[in-house]
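Each remark here refers to the structure printed beneath this line.
All values reported here derive from a predicted model rather than from experimental measurement.
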Amino acid sequence: MSFSADDHRFMAQALLLAQRGMNTTTPNPRVGCVIVKEGQIISEGWHEKTGGPHAEAVALANLTTNLTTSLSTSAAGATVYVTLEPCSHIGRTPPCADALIAAGVTRVVAAMQDPNPQVAGKGLARLGAAGITAECGLLSAEAHELNIGFVSRMTRGRPWLRLKIAASLDGKTALKNGVSQWITSAEARQDAHLWRARSCALLTGIGTVKDDNPRLTVRGVNSAQSTPRSPLKVIVDSQLQTPLDAAVLTNGGVLIACATDHPARRDALTAAGAEIIVLPAAHGKVDLAALLTALGQRGINEVLVEAGARLNGALLRDNCVDELLLYQAPLLLGDAARGMINEGEQTELTTLTDARRLHVVERRSISADFFIRARFL
């Protein structure tokens, strides 16, 4: 299927609009929409939050007269560019495909098909059956990337998991005594908060809760990228050892995954505002794959992990990690310092061909630090 330069330009604008919902749409996808008539944009919209109108409905409602060309406020005869296939089912809002048909548009271009089984091509088919030219696949890679967590949840039943690590150049995350504040710069830490803001859940382990007493909140994100919601805070705590005065318990929104139920501890933590789920695995550990499935069932699209070497290693060992976010500071901490990943007992590699390799998606400098985003091949 061939798309024109104008098609690319208008879809790129729709993708920019979709990004405005980066931190607010969960569990829904981020979607933008542009309505074009006679080569001019006459309206646009994006999905802001779950329960609110979808991007297409917003764009139709926002139709205004283009004073420079006196174009009609009607969408009749227009082309619609939308970053995700229009929905065809009744959820919290009416089907967008029906709204476009009723508006009299003649062409709809979608960046990608909706991975939701309730839609999955049905929206485009409904448009086609109504005589509307329905096309799909323009800037699909960009649209997929924008909603990679939503796609993961719809196709794999689990969220997209990013493992964030702040380390020295020699791969150390803390001194031997546990001191780690601060290895990286304030600018790098602020960049990490942008990843927090877009995430549906922040995951850590009991070791980090005890050593660092983190709040796991989004801080210092400017209004253009605001997040009115707080990501769910998830703690992997096999024996329910989370202190009742832990900062992470402040303001609720905490899920603790344990391996063994301890009624007294469970009741105390529940009274402190936490929800407890029991997901046992071998050797008294939490079943991490089951935890991701449980998060997917809760509508969690993206998870950001900020944990220690042991939980990092366990997540890698259980093939739960999709993406690595590595912040490296230009300093050396030495062999005695704590490492990034501890996978426990494993077979020693004897050849480099057995090493796990990654594809670097992004690399940049942040102040004096280096940032690398990579995915496993």
Side-chain angles (χ1 to χ4, degrees), residues 26-27 115-117 144 147-165 195-196 198-209 216 231-242 248 253-262 266 269 274-326 339-347 349 354-359 361 373-377:
T26 183
N116 185 343
H144 183 280
N147 284 307
I148 196 165
F150 180 75
V151 173
S152 175
R153 181 166 65 87
M154 288 296 156
T155 59
R156 302 189 299 174
R158 49 150 288 189
W160 183 263
L161 187 141
R162 297 184 176 95
L163 180 60
K164 182 223 126 183
I165 300 175
W195 290 103
R196 281 189 179 187
R198 67 174 287 170
S199 300
C200 310
L202 307 178
L203 176 68
T204 195
I206 182 59
T208 298
V209 170
L216 292 184
L232 177 68
K233 295 169 282 189
V234 183
I235 305 171
V236 176
D237 180 4
S238 298
Q239 302 302 316
L240 290 181
Q241 297 175 333
T242 300
V248 72
V254 178
L255 177 69
I256 301 179
C258 65
T260 304
D261 191 12
H262 298 274
R266 179 195 61 209
L269 286 167
E275 179 184 355
I276 313 299
I277 56 172
V278 183
L279 299 171
H283 309 298
K285 302 297 183 182
V286 171
D287 188 330
L288 298 174
L291 174 58
L292 289 188
T293 298
L295 292 177
Q297 292 170 346
R298 291 165 180 257
I300 300 295
N301 294 331
E302 299 180 16
V303 174
L304 180 66
V305 178
E306 299 187 21
R310 292 179 65 183
L311 182 53
N312 290 347
L315 287 164
L316 284 166
R317 185 178 61 248
D318 291 352
N319 296 313
C320 294
V321 179
D322 296 304
E323 191 166 60
L324 176 66
L325 308 179
L326 177 61
M340 298 190 297
I341 297 166
N342 179 1
E343 294 191 69
E345 294 183 7
Q346 60 176 341
T347 302
L349 297 182
D354 293 330
R356 281 190 259 187
R357 298 189 180 275
L358 299 96
H359 165 64
V361 178
R373 181 161 63 98
R375 294 173 183 169
F376 291 97
L377 295 174

Closest non-hydrogen atoms of A355 and L349, given as atom of the first, atom of the second and distance, are CA-CD1, 3.9 Å

Can you tell me which residue among N301, L295, I148 is in a side-chain contact (heavy atoms from CB on, under 4.5 Å) with P159? L295

Side chains of C258 and R266, heavy atoms from C-beta outward: is any pair under 4.5 Å? no

Kindly compute the distance separating OG (S238) from CG (L279), expressed to the nearest 0.5 Å. 10.5 Å

Distance (rounded to the nearest 0.5 Å) between L324 CG and L161 CG: 11.0 Å

Could you give the distance from OG1 (T293) to CZ (R153), rounded to the nearest 0.5 Å? 12.5 Å

Do R162 and W195 come close enough that some side-chain heavy atom pair is under 4.5 Å? yes

Would you indicate whether the side-chain heavy atoms of R375 and D322 approach each other to under 4.5 Å? no

Atom of C320, atom of L292 and distance for their closest heavy-atom approach: CB-CD1, 3.7 Å

Donor-acceptor contact present, side-chain T204 to main-chain I235, <3.5 Å: no

Walk me through it: do I206 and T242 pass the test side chain to side chain contact (heavy atoms under 4.5 Å, CB included)? CA-CA 6 Å; I206 182 59; T242 300; 3.7 Å; yes

Rounded distance [0.5 Å steps], CG in L311 versus CD in E306: 12.0 Å

Find out whether V236 and L203 are in side-chain contact, i.e. whether some heavy atom of one side chain is under 4.5 Å from a heavy atom of the other. yes

Kindly state each residue pair satisfying salt bridge (Lys or Arg N to Asp or Glu O under 4.0 Å) with at least one member in residues 276-289, sequence neighbours excluded. none

Is there a donor-acceptor pair closer than 3.5 Å between any side-chain N or O of K233 and the backbone N or O of L216? no

Where T155 and P115 come nearest, the two heavy atoms and their spacing: CG2-CB, 4.1 Å

Measure the spacing between CD of E302 and OG1 of T26 and express it to the nearest 0.5 Å. 8.0 Å

Could you measure the distance from the NE2 atom of H359 to the CZ atom of F376? Nearest 0.5 Å is fine. 13.5 Å

At their closest point, which heavy atom of I256 faces which heavy atom of L240, and how far apart are they? CG2-CD2, 3.7 Å

With heavy-atom distances below 4.5 Å as the criterion, would you say the side chains of L291 and V234 are in contact? yes

Shortest non-hydrogen contact from G205 to A307? N-CB, 4.1 Å

Any side-chain to backbone donor/acceptor pair from R196 onto P231? Under 3.5 Å, distance only. no

Looking at side-chain heavy atoms only, is the closest gap between L163 and L316 below 4.5 Å? yes

T208 side chain to G308 backbone, donor-acceptor under 3.5 Å: yes

Side chains of V209 and D237: closer than 4.5 Å at any heavy-atom pair? no

Does a side-chain heavy-atom distance below 4.5 Å link L325 with L304? yes

